Amino acid sequence: MIPIEKKIDILRIMYLIREFEIASRNIFKAHLAKGEFLGALHNCDGQEAVAASIGAILRKDDYVFTTFRGHGHSIAKGAEPKKMMAELLGKKTGYSKGRGGSMHMFDPSIGLMGGNGVVGGGLTLAVGAALSAQYRCSDQVSVCFFGDGAAAIGAFHEAINLASLWKLPVIFLCENNLWAATTPIKFGCPIENISERAKGYNCVGKSIDGNDVYTVYETFLSAVDRGRNGNGPSLIECKTYRHHPHCMVIPEHRPKDEKQMWLQRDPIPKFEKVLQNENILSNHQQEKIRNEIKKIIAEAIKFAEDSPLPTVDTLYDYIWA
Amino acid sequence: MRDITYTAALREALFEEMEIDESVFLIGEDIADFGGVFGVTKNLLQKFGRKRVCQTPISEGAIIGAAVGAAMTGLRPVAELMYVDFILFAMDQTVNQAAKLRYMSGGTVKVPVVIRAQQGCGTCEAAQHSQQLEAWFMHTPGLKVVIPSNPYDAKGLLKTAIRDDNPVIFLEHRMLYSARQQVPDDTWTIPFGRAEIKKSGKDITVVATSLCVHKALEVAKDNHFDIEVIDPRTLVPLDIDTIAESVVKTGRLLVVHESIAQCGVGAEIIRLITEQYFKAFKTAPKVLGGAYVPMPFAKVLEENAVPQKRDIIETINNMMKE
């Protein structure tokens, strides 16, 4: 059973992710209107249940390797919205001091090992972090987020194969949002469930409803336990959907009825209803949390806008340690 | 003093660094029970155990990726690639990840990984086992590139590479593994970015790397011109000052390497020198590098695809005429 406070925390993080994504889109559009291009922006609205549930389970010292669609995972791992927003604007105060942007938020001090711009780029790195945890005899786990598209790259095979051979504490967390950029899953994957591949590596595989907080929580919790207890990796596939196209520069191209169906399964109202039915969440409380979140986002935007840009003389800083 | 091979020198460096620092470990193919296809890691399994000598399946992407991930999280991995040709499976992990993580993270992530790779030609192994790719890595900001030409440098530079907090590409020439040299009894390190003047001279500067250092030295020994031979030892960082000083003295610059000349190491060295010291030249600088061809199999073709002593002599003679 999930403790009540944890349930409210999960909802709060889901709100925070959603509001961050809405704000980031607005900022991106406002800059675009002025002729300024803020790089690529890959939003994760619709996938919040996965990030928030997992964030509620992981310890601060566990590792998370995320993707170009990584704002939600970063927030769930404890990243500060103001430093994320500053990074989106390329500011000196951002997580990567203006070197990374939307796709590359890092904070090793909270186990956030960064967003990766390369599809599947984190798969083998997460195996290395897990190897490091095993080597140091810590009971940390390493979580690698990736999409259905990344399940088609060669490194997916190499990473799971090695992790299973060496019983490494990795959780391969596939967010299958049914589209790899503009390519539907049926053109990229010949099987119904990506987790079926786990069998080929002698590790545990599960495919679940990624929009259901309790399902994600329970499944992920057992995968984390397996990792911490030295029983090796897990491959979890969370079926979910992003509410927006691949990134800001790609217009909506997905079938209307498909999108409509998934909007009705939006994880946020779905989880609100669950908590209301359990008498954990009142309308008043819901409103109060939403307002807190709106305030955090407003402050983050102000912090980001007020922050200085990196100075040109620092161009070559941070190439070398 | 004592006599050791390039292979033994590398093994000593690994052994010593693993003894000093618990966070140093090895990862690669065939490196444990067999001791590496070229024997560099022989007996290290017996001394350090499987935890620290991690033998992998044939998965170059996972070898380098796991090494990078481990480096990001507090360890100092030394990855071995049997042939540098196979790093092409791991170019994402090497170029997109290892090289860029520190910069992309605004200096918050550290990647102290060494990627050792064997390269070179001379054994008729054709196009997919004979490439020499140092120029590719020099082109990538964030990678240090080390290319030792003798046992003393191999040991000293590998120890420095392991202690460095950045990704280091360490390129070993397979024709050098059996090279022998007198070295000190005690241990040593060699700092990066310090070229060595192997032989001083006043007529022409010959910058040579890896196996070509030996070819250049042999030419210099019996030549009627007074040839200065410089081994940069590390290409990133590159000790351009030592080369420049020599060119200012001799007025002539020849760069010799087996890796392909096109867009290569020599082209870059000449760019750097020409931009600043153009007036020092008495004659046009020249590169003797690998031919623009996939390495052929037949001995007679292979030999002619890389600079030989006769090519160096002929080029020097021509440059000295001008």
Side-chain angles (χ1 to χ4, degrees), chain A residues 63 65 87 92 94-101 103-109 111-136 138 140 142 144 153-155 157-163 165-166 168 170 310 316-321, chain B residues 22-25 27 50-52 54-77 79 89-113 140-144 164-167 192 236-237:
Chain A
Y63 301 115
F65 290 79
E87 190 56 39
K92 189 180 165 182
Y95 265 115
S96 301
K97 306 182 183 75
R99 270 76 175 166
M103 293 189 276
H104 308 294
M105 312 272 186
F106 290 79
D107 189 355
S109 72
L112 177 59
M113 305 315 288
N116 216 300
V118 177
V119 170
L123 286 160
T124 58
L125 305 186
V127 170
L131 175 63
S132 162
Q134 188 189 64
Y135 188 97
R136 290 180 280 104
S138 83
Q140 293 160 289
S142 176
C144 186
I153 73 168
H157 161 73
E158 290 193 21
I160 299 192
N161 189 54
L162 195 65
L165 260 175
W166 292 352
L168 298 176
V170 195
Y316 296 103
D317 290 0
Y318 314 117
I319 298 176
W320 306 111
Chain B
E22 193 74 33
S23 69
V24 178
F25 74 99
I27 182 166
R50 284 193 195 277
K51 178 184 163 184
R52 299 184 68 193
C54 304
Q55 184 157 312
T56 68
I58 300 172
S59 299
E60 284 81 8
I63 292 168
I64 305 303
V68 171
M72 292 170 81
T73 52
L75 301 184
R76 291 189 174 274
F89 279 106
M91 279 309 251
D92 174 59
Q93 287 82 356
T94 306
V95 173
N96 281 324
Q97 312 299 338
K100 294 174 175 58
L101 283 162
R102 182 155 186 92
Y103 194 79
M104 289 195 307
S105 70
T108 58
V109 169
K110 199 168 80 173
V111 191
V113 64
T140 301
L143 299 176
K144 295 194 176 177
D164 199 288
D165 279 339
N166 299 285
F192 287 174
V236 179

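Here the structure is a predicted model, which means the values were calculated and not measured. A, B, ... follow the sequence lines: proteins, then strands. Residue 1 opens every chain.
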Exercise for review: Check the pair A:Leu131 / B:Leu75 against side chain to side chain contact (heavy atoms under 4.5 Å, CB included), numbers first and verdict last.
Suggested key: CA-CA 10 Å; A:Leu131 175 63; B:Leu75 301 184; 5.7 Å; no
Contact origin within [X] toward chain B - heavy atom pairs under 4.5 Å:
{"X": "A:Ile319", "result": "both"}
{"X": "A:Leu165", "result": "side chain"}
{"X": "A:Ala155", "result": "side chain"}
{"X": "A:Asp317", "result": "backbone"}

Distance-minimising heavy-atom pair for [X] and [Y]:
{"X": "A:Tyr318", "Y": "B:Arg102", "value": "O-CG, 3.3 Å"}
{"X": "B:Ser105", "Y": "A:Ser96", "value": "CA-OG, 3.6 Å"}
{"X": "B:Val109", "Y": "A:Pro108", "value": "CG2-CG, 3.8 Å"}

Most chain B-contacting option - heavy-atom pairs closer than 4.5 Å, from [options]:
{"options": "A:Asn116, A:Leu123, A:Thr124", "answer": "A:Thr124"}
{"options": "A:Leu125, A:Asn161, A:Leu162", "answer": "A:Leu125"}
{"options": "A:Trp320, A:Tyr95, A:Phe106", "answer": "A:Trp320"}
{"options": "A:Gly114, A:Gly121, A:Gly100, A:Ala159", "answer": "A:Gly121"}

Who wins among [options] for the most heavy-atom pairs under 4.5 Å with chain A?
{"options": "B:Pro112, B:Gly106, B:Gly142", "answer": "B:Gly106"}
{"options": "B:Asp164, B:Asp165, B:Leu143, B:Ile64", "answer": "B:Leu143"}
{"options": "B:Pro57, B:Pro141, B:Ala98", "answer": "B:Pro57"}

Exercise for review: Answer yes or no: is there a donor N or O on one side and an acceptor on the other, between the side chain of B:Thr73 and the main chain of A:Ser132, under 3.5 Å?
Suggested key: no
**Study point:** Polar side-chain atom of B:Thr108 near backbone of A:Asp107 as donor-acceptor pair, under 3.5 Å
**Key:** no
Where does [X] contact chain A at under 4.5 Å (heavy atoms): side chain, backbone, both or neither?
{"X": "B:Lys144", "answer": "both"}
{"X": "B:Val113", "answer": "neither"}
{"X": "B:Lys51", "answer": "both"}

Practice item. Could you tell me which residues satisfy side chain to side chain contact (heavy atoms under 4.5 Å, CB included) with B:Glu60, sequence neighbours excluded, listed by chain and number? Key: B:Glu29, B:Ile58, B:Leu81, B:Phe86, B:Phe89, B:Ala90
Check your understanding: Should B:Asp92 and A:Ile153 be marked as a side chain to side chain contact (heavy atoms under 4.5 Å, CB included) after you check the CA-CA gap, both sets of side-chain angles, and the distance that decides it?
Key -> CA-CA 12 Å; B:Asp92 174 59; A:Ile153 73 168; over 6 Å; no
Practice item. Apply the test side chain to side chain contact (heavy atoms under 4.5 Å, CB included) to residues B:Gln97 and A:Val118: give CA-CA distance (whole Å), side-chain angles for both, the deciding distance (0.1 Å), then the verdict. Key: CA-CA 9 Å; B:Gln97 312 299 338; A:Val118 177; 4.0 Å; yes
Point to revise | Pairing residues for B:Phe25 by the ring-ring contact (aromatic ring centres under 6.0 Å, His included) criterion, not counting sequence neighbours | key: A:Tyr135
